[in-house]
Amino acid sequence: MSVIQVLAEGTLDFHPVDPDGFREYVRDHKRRALEPRLMGIREAVERFVQDGDYLAYDCNFFMRGPSALLREVIRQRKKDLWVCGKFTYVDSALLTAGGCAAKIDVGFQMAGPWLRRALDDGLKIYEYSNVVMTTRLQAGSMGVPFLPIRSFGGTDGFKYSGAKLIEDPYTGQPLVIVPALNPDVSLIHVQQADQYGNCRVFGTGISHVECALASKRVIISAEEIVDTEEIRRDPGRTTIPYYVVDAVVHAPFGCYPGEVQGYYASDSEGVLEVFASIGRDQLDAYLQKYVYDHEDEQQMLDRVVGQEKLNALKARATIKDGYHP
Amino acid sequence: MSVIQVLAEGTLDFHPVDPDGFREYVRDHKRRALEPRLMGIREAVERFVQDGDYLAYDCNFFMRGPSALLREVIRQRKKDLWVCGKFTYVDSALLTAGGCAAKIDVGFQMAGPWLRRALDDGLKIYEYSNVVMTTRLQAGSMGVPFLPIRSFGGTDGFKYSGAKLIEDPYTGQPLVIVPALNPDVSLIHVQQADQYGNCRVFGTGISHVECALASKRVIISAEEIVDTEEIRRDPGRTTIPYYVVDAVVHAPFGCYPGEVQGYYASDSEGVLEVFASIGRDQLDAYLQKYVYDHEDEQQMLDRVVGQEKLNALKARATIKDGYHP
Amino acid sequence: MTSQPSSEPASQFTEREAQIVNVAHMVENGKTYWVAGGGSPLYAIILAKRSAAPQAQYITEDGCIAPEPDLPLDPIMTMVAAKAGYRALQWGNMNASGMHAQVGLMDYGILNTLQVDRWGNVNSTATGDYEGEGRRFNGPGGADSIAALCWRTILMTDQQKRKFVDHVDFVSSPGFLDGSEGARERAGLPRNTGPYKVVTPWAVFGYDSNRHLRLEEVAPWVTKEQVLAEMSFEPTLAPEIGVMEIPTEDELNTLRTELDVRGQTSDVGAWIIRNDDRSWTIAAP
Amino acid sequence: MTSQPSSEPASQFTEREAQIVNVAHMVENGKTYWVAGGGSPLYAIILAKRSAAPQAQYITEDGCIAPEPDLPLDPIMTMVAAKAGYRALQWGNMNASGMHAQVGLMDYGILNTLQVDRWGNVNSTATGDYEGEGRRFNGPGGADSIAALCWRTILMTDQQKRKFVDHVDFVSSPGFLDGSEGARERAGLPRNTGPYKVVTPWAVFGYDSNRHLRLEEVAPWVTKEQVLAEMSFEPTLAPEIGVMEIPTEDELNTLRTELDVRGQTSDVGAWIIRNDDRSWTIAAP
């Protein structure tokens with residue numbers, strides 16, 4: 001029989017690829033029954049985020065991402081996480097400042113003094129790109145061990161990754177393949193979910209469907225909990241099916257200081273405060289103010305942001321077309 | 001460097017895999033400008049379906065498929081087509097009876113006396129499955145030469161295909177890969193499109209997005225032509241973007257005798273008439289009655305079906321939830 | 001006078017109804033089923049949902065997740081159709097259902113099939129010499145994926161010699177392939193998946209520890225010998241051959257008045273009549 | 001007194017404005033652009049759409065196809081945001097934009113970048129010794145995919161010695177790699193793609209037939225020598241070095257009153273003032 005040449009290989013470790021093992025986890029742990037998965041944010045993070053997990057999240061701290069869930073992860077001082085840093089911006093900086101991150105697969109993140117210091121303290125960085133990371137998640141969501149991709153070849157990121165350059169058996173041309181990623185847990189913020197975890201996301205996104213399907217455990221935070229009757233009225237709007245979801249958290253303003261399209265605008269002041277904290281190397285103070293000083297998210301919103309500002313952010317979300325079913 | 005063992009290979013030919021060639025076709029032929037692509041069904045099929053083409057279509061003659069376009073292909077006596085028979089049911093029988101098909105990649109099709117005779121007359125069949133074919137289209141739509149898949153292994157279909165069994169370089173386990181499919185032309189029937197080809201499909205489907213992205217030429221037939229303002233009002237409903245579309249045909253009842261969810265029910269009589277024609281080996285008479293006897297689709301609908309029945313089929317489509325934006 | 005529904009065993013039903021009810025009784029609550037969008041597999045799962053397994057969920061090949069179909073469906077219109085997809089939790093597509101199955105979300109598949117062999121392989125492609133003059137059929141459709149990717153596969157077929165063959169002429173959908181240990185894994189299929197049951201109107205089969213078809217239950221109106229006479233090979237025999245279950249009046253009522261009101265699926269094949277003396281009459285059609 | 005918009009060359013503008021306008025003039029009508037969702041690349045394409053290239057279309061990394069954004073955007077909120085995605089033709093996701101680019105639908109990419117070398121390779125990851133004490137940056141984000149998959153890539157950067165280096169310390173996004181013929185293809189990248197232009201406030205570069213950076217145009221307020229002094233390597237020189245274009249009052253008006261009303265992007269760097277005697281003054285910030 002013929003062989004396929006492996007022309008080059010990245011040299012760093014990557015989250016282990018085990019499609020059959022993932023299948024067995026899904027068989028044994030994903031609940032197929034329509035049973036309520038609603039719980040508080042603390043319980044959700046306590047139960048479903050574990051020290052040492054590979055943690056993914058969709059979108060980021062400013063853009064329909066799970067900011068409240070990320071703060072709760074930091075509040076609970078989770079440790080040794082391997083973070084999926086696709087399209088992540090400041091999130092990986094916050095997780096590192098909070099002592100949660102041990103490794104980061106980078107697509108894009110906000111660098112700063114924190115990064116050099118963390119590297120010197122042992123943080124491990126693996127260089128990918130946003131699309132490579134979403135492709136790895138796509139492979140994980142398809143239950144296959146890898147996917148071919150037409151980018152990433154020739155970069156130095158390739159060298160510090162789990163990718164391979166092979167001779168395509170169909171064309172004979174060099175072809176990059178990237179390993180599947182099946183995170184231990186993913187955090188996804190959505191506009192609407194029902195109590196079972198059927199979710200609706202409106203507007204553009206990154207890869208929330210793939211993220212949810214590829215992950216062993218999935219925590220959803222939702223701006224609104226809608227009735228399942230409403231889900232059944234328009235099944236074409238469902239983007240994540242309940243049977244991959246482990247927890248549904250009702251989290252209004254769950255992306256603060258970021259924006260959730262159709263629901264509220266970003267708090268520009270709050271957004272720039274994060275960047276300033278990174279630039280001025282004051283992330284500890286930032287976390288104190290927004291995370292550690294409060295028992296939970298509601299307390300933080302009440303004390304630090306205030307209802308008046310929240311109302312104003314809501315009022316600024318004047319574009320509604322396409323965001324409500 | 002290491003090698004990947006190829007453990008087994010299908011032995012039959014398959015539509016050539018050439019991602020770079022497809023990219024160059026896309027670069028040179030897909031129109032990026034928002035220019036009207038509306039045209040009559042005859043012109044669309046004359047211009048964009050050519051003898052010898054690899055022809056794909058989404059869904060089938062009964063289920064939101066491009067029945068009118070398929071009849072027009074037969075009416076224009078296109079020849080030597082290689083037909084993508086995923087989820088096809090009777091369509092491949094009609095195309096073969098019409099003298100259009102030379103080869104069929106089979107997922108599922110309605111067998112009958114036509115099939116044995118056609119095989120004896122030189123029709124070539126390649127054995128896949130529905131999901132293998134949609135996966136091949138998915139590979140084509142991603143611009144990669146192949147995709148791994150966890151089914152198809154061990155079947156006799158594998159032997160009569162372009163699939164390969166390789167040693168997965170990540171797990172060491174045997175893994176099936178299937179070649180990308182980039183059809184020359186695809187026919188897709190949708191509920192709504194604008195004049196540029198931005199399409200909306202409501203309800204479940206097969207793989208219309210992948211089919212459109214993977215094909216060199218794309219003909220859309222639509223129940224309704226909607227304003228582009230309406231498309232921009234709810235961009236989350238768009239499923240096919242205009243820049244992969246070559247022709248938009250306004251084709252009310254374009255799936256007759258089948259159903260278009262939300263628009264009209266299937267004509268059970270008309271549906272069963274196709275099966276009866278296959279079973280009784282009377283496809284020639286069927287094509288005479290529904291295709292050759294009429295200059296175009298409108299004439300066929302007027303003469304054979306009649307407005308009264310069409311109105312009744314419309315009235316029977318009582319389920320609207322989720323089908324209109 | 002109409003018969004009053006009850007949970008008592010019925011005294012008149014078709015063979016097909018008995019087969020559907022026996023599959024329905026296998027349906028596990030809280031599990032997922034990838035089924036064809038119509039016919040016996042669909043009726044079995046819905047029947048189960050109406051009784052012991054309300055939390056069993058089904059998905060069809062067009063990515064329709066847990067619908068509440070508006071029955072009866074129009075003829076043939078079992079997928080990509082408004083009635084079939086009514087009140088689903090999600091409308092996806094074929095790649096979505098394939099992906100969900102590939103990551104292990106589908107516990108069971110239920111399939112109608114043409115021909116099955118001693119290792120549970122399924123043929124829906126061709127009989128006789130494939131490359132020669134043999135007869136051709138529809139192809140696997142979604143059955144190949146169901147049989148490959150669901151954790152367990154339940155087949156429904158008729159008890160006929162030509163349907164139970166030693167080796168299928170063409171493996172359209174994979175059973176245990178050549179029956180050897182690990183044969184599926186060596187062919188690239190996911191670990192620990194495969195055939196689970198075969199249900200005919202006359203018998204229920206499982207598989208022994210060597211992955212060989214094993215007779216487990218026989219309908220009360222036939223003998224084990226009658227079943228074996230309608231097979232081209234000898235199955236393993238379970239240590240104790242059980243008796244297949246009898247539809248209740250309730251179940252028949254649901255089947256006939258809600259699911260298959262035209263009787264297209266259920267009113268096929270022989271009628272089974274339980275006589276007052278508890279003997280059985282088989283009224284061939 | 002406000003200046004009246006006109007199609008005359010302006011006499012006062014920032015270096016950044018000049019750079020944006022020169023990129024805008026490169027935009028081809030009827031072509032697709034994969035751009036970052038904000039900043040100079042976005043303003044360049046929108047500026048072009050408002051004038052010579054109304055049928056140029058842009059796509060952002062979040063799968064947003066041909067939006068009509070509600071400007072100005074909120075700070076940082078360039079993607080997955082209501083104003084940025086306003087009136088798009090389709091809302092997709094990152095895998096969708098990646099797929100569209102992979103099948104060849106994206107004609108051009110426009111990228112802001114930190115560091116570029118003689119072969120058009122881009123560094124946004126690290127300077128100095130990667131495995132040692134070097135400085136780290138944000139990573140490629142979407143730039144790697146844009147540079148790999150679009151047919152042609154236009155880079156925007158500043159004319160500084162540390163930005164034009166002989167070899168980037170880290171290839172985050174691929175240019176012509178080692179510059180040898182077919183290097184991109186040998187690395188698995190699609191055929192016939194690659195770097196096209198580099199535009200700074202002082203100069204426009206293309207590539208020669210050996211894939212080496214080539215100086216093609218210089219801004220009227222600097223000399224060729226000044227440009228070369230701000231590079232760590234010598235580019236090839238075009239046979240004739242052209243003069244970069246000057247923003248018109250119309251363009252500045254659009255840029256300042258519609259696109260970048262807060263001046264966050266455009267009001268950065270030196271101001272360029274054309275004196276009455278047609279000489280130039282550079283007013284450093």
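Only a predicted model underlies this, so the values are computations on that prediction, with no experimental measurement involved.
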Chemist: Compare every heavy atom of C/E185 with every heavy atom of B/P174, then report the nearest pair and how far apart it is.
Modeler: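 The pair with the smallest heavy-atom distance is CG-O, 3.6 Å.
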Chemist: Tell me, for C/N121 versus chain B, whether the close heavy atoms (under 4.5 Å) come from the side chain, the backbone, both or neither.
Modeler: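 Neither; nothing under 4.5 Å.
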Chemist: Distance check, rounded to the nearest 0.5 Å: B/T318 atom OG1 versus C/D70 atom CG?
Modeler: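 Here the interatomic distance stands at 6.5 Å.
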Chemist: Output the option from C/A187, C/G139, C/A82 having the highest count of non-hydrogen pairs under 4.5 Å with chain B.
Modeler: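 Ranked by heavy-atom pairs under 4.5 Å with chain B, first place is C/A82.
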Chemist: At a 4.5 Å cut-off on heavy atoms, which part of C/Y86 comes close to chain B: side chain, backbone, both, or neither?
Modeler: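 The answer is the side chain of C/Y86.
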Chemist: OG1 of B/T134 to CE of C/M99: how many Å apart, nearest 0.5 Å?
Modeler: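 Reported value, rounded in 0.5 Å steps: 11.5 Å.
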Chemist: So what's closer than 4.5 Å to chain B heavy atoms on C/L189: side chain, backbone, both or neither?
Modeler: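 Contact with chain B is through both the backbone and side chain of C/L189.
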Chemist: When rounded to the nearest 0.5 angstrom, what distance separates OH in B/Y128 from OG in C/S172?
Modeler: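 Nearest 0.5 Å value for the OH-OG distance: 15.0 Å.
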Chemist: So, taking the atom named CG in B/L147 and the one named CG in C/N95, what distance separates them when rounded to the nearest 0.5 Å?
Modeler: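 Output value for this atom pair is 9.0 Å.
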Chemist: Let me know if C/T125 has heavy atoms under 4.5 Å from chain B in its side chain, its backbone, both or neither.
Modeler: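 Only the side chain of C/T125 comes within 4.5 Å of chain B.
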Chemist: Which atoms of B/R150 come close to chain C, meaning under 4.5 Å heavy atom to heavy atom: side chain ones, backbone ones, both, or neither?
Modeler: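 For B/R150, backbone and side chain are both near chain C.
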Chemist: With a 4.5 angstrom heavy-atom cut-off, is it the side chain or the backbone of B/I149 that approaches chain C, or both, or neither?
Modeler: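 For B/I149, backbone and side chain are both near chain C.
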Chemist: Using non-hydrogen atoms and a 4.5 Å limit, figure out which bit of B/I206 sits close to chain C: side chain, backbone, both or neither.
Modeler: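 Contact with chain C is through both the backbone and side chain of B/I206.
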Chemist: Would a distance-only check, ignoring hydrogens and angles, find a side-chain to backbone donor-acceptor pair under 3.5 Å from C/R135 to B/R116?
Modeler: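 Checking the backbone N and O of B/R116 against the side chain of C/R135, no donor-acceptor pair under 3.5 Å is found.
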Chemist: Of all of C/L177, C/T60, C/D74, C/V80, which one pairs up most often with chain B through heavy atoms under 4.5 Å apart?
Modeler: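 Looking at each option in turn, the highest pair count goes to C/V80.
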Chemist: Taking side chain as everything from C-beta outward and backbone as N, CA, C, O, which of these in B/Y89 sits under 4.5 Å from a heavy atom of chain C? Side chain, backbone, both or neither.
Modeler: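 The side chain, not the backbone.
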Chemist: Mind checking whether B/V131 and C/M94 have side chains closer than 4.5 Å, heavy atoms only?
Modeler: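 Heavy-atom side-chain distance check passes, below 4.5 Å.
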Chemist: Which atom names give the shortest non-hydrogen contact between C/P75 and B/L272, and what distance separates them?
Modeler: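 Taking every non-hydrogen atom into account, CB-CD2, 4.4 Å.
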Chemist: Quick one: do B/I125 and C/R136 satisfy side-chain contact (heavy atoms from CB on, under 4.5 Å)? Show the steps, please.
Modeler: CA-CA 10 Å; B/I125 295 277; C/R136 295 295 185 102; 4.1 Å; yes
Chemist: Could you have a look at B/G258, B/G157, B/G203 and say which one has the most heavy-atom pairs with chain C under 4.5 angstrom?
Modeler: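 Option with the top pair count is B/G203.
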Chemist: Select one option (side chain, backbone, both, neither) describing which atoms of B/F62 are under 4.5 Å from chain C's heavy atoms.
Modeler: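 For B/F62, the contact with chain C is made by backbone and side chain together.
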Chemist: Identify which part of B/Q109 has an atom lying under 4.5 Å from any heavy atom of chain C, answering side chain, backbone, both or neither.
Modeler: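 Its backbone and side chain both get close to chain C.
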Chemist: Does a side-chain heavy-atom distance below 4.5 Å link C/D144 with B/V132?
Modeler: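 In short, these two side chains touch, coming nearer than 4.5 Å.
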Chemist: Working to the nearest 0.5 Å, report the span between CE of C/M77 and OG of B/S268.
Modeler: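 Between C/M77 CE and B/S268 OG, I get 8.5 Å after rounding to 0.5 Å.
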Chemist: Between B/Y160 and C/Y130, how do the two ring planes meet: parallel, tilted or perpendicular, split at 30° and 60°?
Modeler: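 Taking C/Y130 first and then B/Y160, their aromatic rings sit tilted (interplane angle of 30° to 60°).
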Chemist: More than 12 heavy atoms of other residues, nucleotides or ligands under 6.0 Å from CD of C/E258: yes or no?
Modeler: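 Atom CD in C/E258 is crowded, with more than 12 foreign heavy atoms closer than 6.0 Å.
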Chemist: Taking atom NZ of B/K320 as the centre, does the number of heavy atoms from other residues, nucleotides or ligands within less than 6.0 Å exceed 12?
Modeler: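 Yes, the 6.0 Å shell around NZ holds more than 12 heavy atoms from other groups.
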Chemist: Within a radius of less than 6.0 Å around CD of C/E68, do more than 12 heavy atoms belonging to other residues, nucleotides or ligands occur?
Modeler: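 It does: C/E68 CD has more than 12 such atoms within range.
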Chemist: State whether B/K159 and C/E131 are salt-bridged, where the test is any N-O pair (Lys NZ or Arg NE/NH1/NH2 against Asp/Glu carboxylate O) under 4.0 Å.
Modeler: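 Answer for the salt bridge query: no.
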Chemist: Out of B/D168, B/I166, B/T155, return the one with the most heavy atom pairs under 4.5 angstrom to chain C.
Modeler: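 Option with the greatest count: B/T155.
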Chemist: Search all heavy atoms of C/P174 against all heavy atoms of B/G153 and return the closest pair with its distance.
Modeler: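 Scanning both residues completely, I find the closest heavy atoms to be CB-O, 4.2 Å.
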Chemist: Looking at every heavy atom in both C/W91 and B/T204, which two are closest together, and how far apart are they?
Modeler: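 Smallest interatomic distance, heavy atoms only, reads CD1-CG2, 3.4 Å.
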Chemist: With respect to chain C, which residue among B/T88, B/N60, B/L165 yields the maximal number of heavy-atom pairs within a distance under 4.5 Å?
Modeler: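 That would be B/L165.
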Chemist: Taking atom types as modelled and ignoring hydrogens, do the side chains of B/S207 and C/N93 form a donor-acceptor contact shorter than 3.5 angstrom?
Modeler: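 Note: B/S207 and C/N93 side chains miss the donor-acceptor criterion.
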Chemist: Hey, which of B/H208, B/Q173, B/R64, B/E210 has the most heavy atom pairs under 4.5 Å with chain C?
Modeler: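 Among B/H208, B/Q173, B/R64, B/E210, the one with the most close pairs to chain C is B/E210.
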Chemist: Under 4.5 Å, counting heavy-atom pairs only, tell me which of C/A88, C/S124, C/G134 racks up the most with chain B.
Modeler: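 Of the options given, most contacts go to C/G134.
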Chemist: Can you tell me how far OG of B/S266 sits from CD1 of C/I76, rounded to the nearest 0.5 angstrom?
Modeler: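 Output value for this atom pair is 9.0 Å.
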Chemist: What residue, out of C/G92, C/A148, C/G63, C/C64, has the most heavy-atom pairs lying under 4.5 Å from chain B?
Modeler: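 Maximum pair count with chain B is reached by C/G92.
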Chemist: Can you find a pair of side-chain heavy atoms, one from B/F158 and one from C/V171, that are under 4.5 Å apart?
Modeler: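 In short, these two side chains do not touch, never coming nearer than 4.5 Å.
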Chemist: Pick one of side chain, backbone, both or neither for B/V106, based on which atoms fall under 4.5 Å of a heavy atom in chain C.
Modeler: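 Contact with chain C: side chain only.
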